[in-house]
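When a ligand or atom number is given, it counts from 1 through the structure's own listing order.
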Amino acid sequence: MTMSRQLLFSQEDIQKRVRELACDLSSDYKGSELLIVGVLNGAYIFMADLVRALTISCQMDFVRVASYGSEKESSGLIKMTKDIETDISGRNILLVEDILDTGLTLRFLVDNLKVRNPRSLKVCAFLDKRPRRKTPFEADYVGFTIDDVFVVGYGLDFNEEYRYLPDVYKLVGNEDKNAEGAK
Ligand code: XMP
Ligand code: MG
């Protein structure tokens, strides 16, 4: 069996939804300063499109986390490998993530950032895989809700591959990282 991919969200679907999210954010944060914190690596493509569709100004910073586990699932043991470089105390923070899955990564990040006393802290996830939660977690802004499927493209990877695809695909078939046929 080889691995193959099926289109889930086209570039057009994604760009339309990103504009809608940017419109909501622009109105919710109108008149307030905003620092957008992207979670590397997955969120950078979504974040790049999102900030360019905003009609308000914002500042940006990035955080990076590593979670121990398989390629497809975080174990819950999460460690920050790159911290933000901004003092967030008293500021409005929007954490931007590619996908909300078990919720463990965002739970860790929110708890970590909250103790630094931001004025507000909200979360925007491009995708929300609701059936997979291991800890209760609700994002404030969600691009698309998906079933329990493994997805790639638009920043999302499998073994660091496929991030560059402009559409989002469901990955199906053999999970062997050496399998051919997915490209
Ligand atoms: P948790 O489970 O902590 O994890 O919410 C979120 C992180 O898990 C990865 N993840 C995926 N990556 N396709 C991916 O490319 C997926 O379908 C998927 N599901 C979870 C991702 O790194 C995310 O940041
Ligand atoms: Mg990720």
TODO: Grab the two heavy atoms, one from Lys129 and one from Asp147, that are nearest each other, plus how far apart they are.
DONE: CG-O, 3.3 Å
TODO: Could you list the atoms of ligand 1 found under 4.0 angstrom from a heavy atom of Leu104?
DONE: 3 (O), 5 (O)
Task: Sub-4.0 Å atoms of ligand 1 with respect to non-hydrogen atoms of Val149 - done: 17 (O)
Task: Under-4.0 Å heavy-atom contact with ligand 1, by part of Glu97 that carries it - done: side chain
- [ ] For Lys129, take its heavy atoms, then give the atoms of ligand 1 lying under 4.0 Å from any of them.
- [x] 16 (C), 17 (O), 18 (C), 19 (N)
Task: Contact with ligand 1 for Phe158, non-hydrogen, under 4.0 angstrom - done: no
TODO: Kindly say whether the aromatic ring centers of Tyr162 and Tyr169 come within a distance under 6.0 Å.
DONE: no
Task: Reported OG1-to-CG distance for the pair Thr135 and Leu104, which is rounded to 0.5 angstrom - done: 6.5 Å
Open item on the list: Could you work out, for atom 20 (C) of ligand 1, the closest of Asp157, Ile78, Asp101 by heavy-atom distance?
Closed with: Asp101
Task: Any N/O pair Val152/ligand 1 closer than 3.5 Å - done: no
Open item on the list: Main chain of Leu21, side chain of Asp24: is a donor-acceptor contact present, judged purely on distance under 3.5 Å?
Closed with: no
Task: Whether Gly103 lies under 4.0 Å from ligand 1, heavy atom - done: yes
Open item on the list: The criterion is side-chain hydrogen bond (donor to acceptor under 3.5 Å, both in side chains); which residues satisfy it with Ser32, sequence neighbours excluded?
Closed with: none
Open item on the list: Quiz question: by atom type and distance under 3.5 Å, do the side chains of Ser120 and Asn92 form a donor-acceptor pair?
Closed with: yes
Open item on the list: Side chains of Asp98 and Tyr44: any donor to acceptor distance under 3.5 Å?
Closed with: no
Task: All ring-ring contact (aromatic ring centres under 6.0 Å, His included) counterparts of Phe9, not counting sequence neighbours - done: Phe144
Task: Nearest-option assignment for atom 22 (O) of ligand 1, heavy atoms, candidates Asp98, Val65, Leu100 - done: Asp98
TODO: Check ligand 1 against Thr102 and write out every atom of the ligand that is under 4.0 Å from a heavy-atom position of the residue.
DONE: 1 (P), 2 (O), 3 (O), 5 (O)
Open item on the list: As a check for students: among Thr135, Thr105, Asp148, Leu156, identify the option with a heavy atom nearest to atom 7 (C) of ligand 1.
Closed with: Thr105
